[in-house]
Peer 1: 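This is the structure, below, for whatever I ask next.
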Amino acid sequence: MKKLALTLLLALSLAPAAAIAQVGVVVRVAPPAPVVEHYGPPPHPGWVWQPGYQAWDGNRYAWHAGVWVAPPHPGARWVAHRWVHHNGGWVMQEGHWR
């Protein structure tokens, strides 16, 4: 019984940390507009363009330029990074493959 109570207490104490990690850093300054990037054809057939994005470096936004990449598997689709309004600020949702 003591073990169960200690386990539950530990889980409850870690829950806020897990929630913060899931949300990420909340930035109080809205992100600037994306930079318009001009890119040519892919360097290899089937490669996908990953557009650039504004990243928060702890003090300001910094532009990370887009790149051509090989998908991890056939039919994979890239979901771009994006900033989402959350708790009075902005949170980055990382790009990922689907």
Side-chain angles (χ1 to χ4, degrees):
M1 187 66 165
K2 266 187 170 180
K3 247 185 190 178
L4 178 61
L6 285 173
T7 302
L8 286 173
L9 182 61
L10 178 63
L12 289 173
S13 67
L14 293 178
I20 290 169
Q22 208 170 33
V23 168
V25 176
V26 177
V27 180
R28 299 292 174 206
V29 180
V35 173
V36 176
E37 297 180 296
H38 300 282
Y39 53 92
H44 303 285
W47 279 35
V48 175
W49 177 253
Q50 287 182 345
Y53 60 95
Q54 299 285 1
W56 183 253
D57 72 2
N59 296 308
R60 62 182 178 81
Y61 286 97
W63 180 252
H64 287 245
V67 294
W68 285 104
V69 296
H73 56 81
R77 186 175 70 87
W78 177 251
V79 178
H81 294 73
R82 68 189 189 115
W83 286 94
V84 179
H85 200 251
H86 181 77
N87 285 346
W90 297 88
V91 176
M92 164 69 81
Q93 286 186 345
E94 298 287 334
H96 58 277
W97 290 99
R98 274 200 188 160

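Hydrogens, waters and symmetry mates are skipped; everything else that's a heavy atom, side chains included, is used.
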Peer 1: Indicate the atoms forming the closest heavy-atom contact of Pro71 with Ala76, along with that distance.
Peer 2: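 In this case the closest contact between Pro71 and Ala76 is CB-CB, 4.0 Å.
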
Peer 1: Compare every heavy atom of Trp49 with every heavy atom of Glu37, then report the nearest pair and how far apart it is.
Peer 2: OE1-CZ2, 3.7 Å

Peer 1: Please tabulate, one pair per line, all N/O donor-acceptor pairs under 3.5 Å involving side-chain atoms of residues 53-70, not counting sequence neighbours.
Peer 2:
unit_1: Gln54; atom_1: NE2; unit_2: Ala33; atom_2: O; d: 3.2
unit_1: Asp57; atom_1: OD1; unit_2: Asn59; atom_2: N; d: 2.9
unit_1: Asp57; atom_1: OD1; unit_2: Arg60; atom_2: N; d: 2.8
unit_1: Tyr61; atom_1: OH; unit_2: Val29; atom_2: O; d: 2.5

Peer 1: Would you give the length of the straight line joining atom CZ of Arg82 to atom CD of Gln93, rounded to the nearest 0.5 angstrom?
Peer 2: 4.0 Å

Peer 1: Do you reckon Tyr39 sits in the same ILVMFWY cluster as Val48, going by side-chain contacts under 4.5 Å, direct or chained?
Peer 2: no

Peer 1: With sequence neighbours excluded, what pairs up with His85 under the ring-ring contact (aromatic ring centres under 6.0 Å, His included) test?
Peer 2: Trp90

Peer 1: If every non-hydrogen atom of Val26 is compared with every non-hydrogen atom of Val91, which pair is closest and at what distance?
Peer 2: CG2-CG2, 3.7 Å

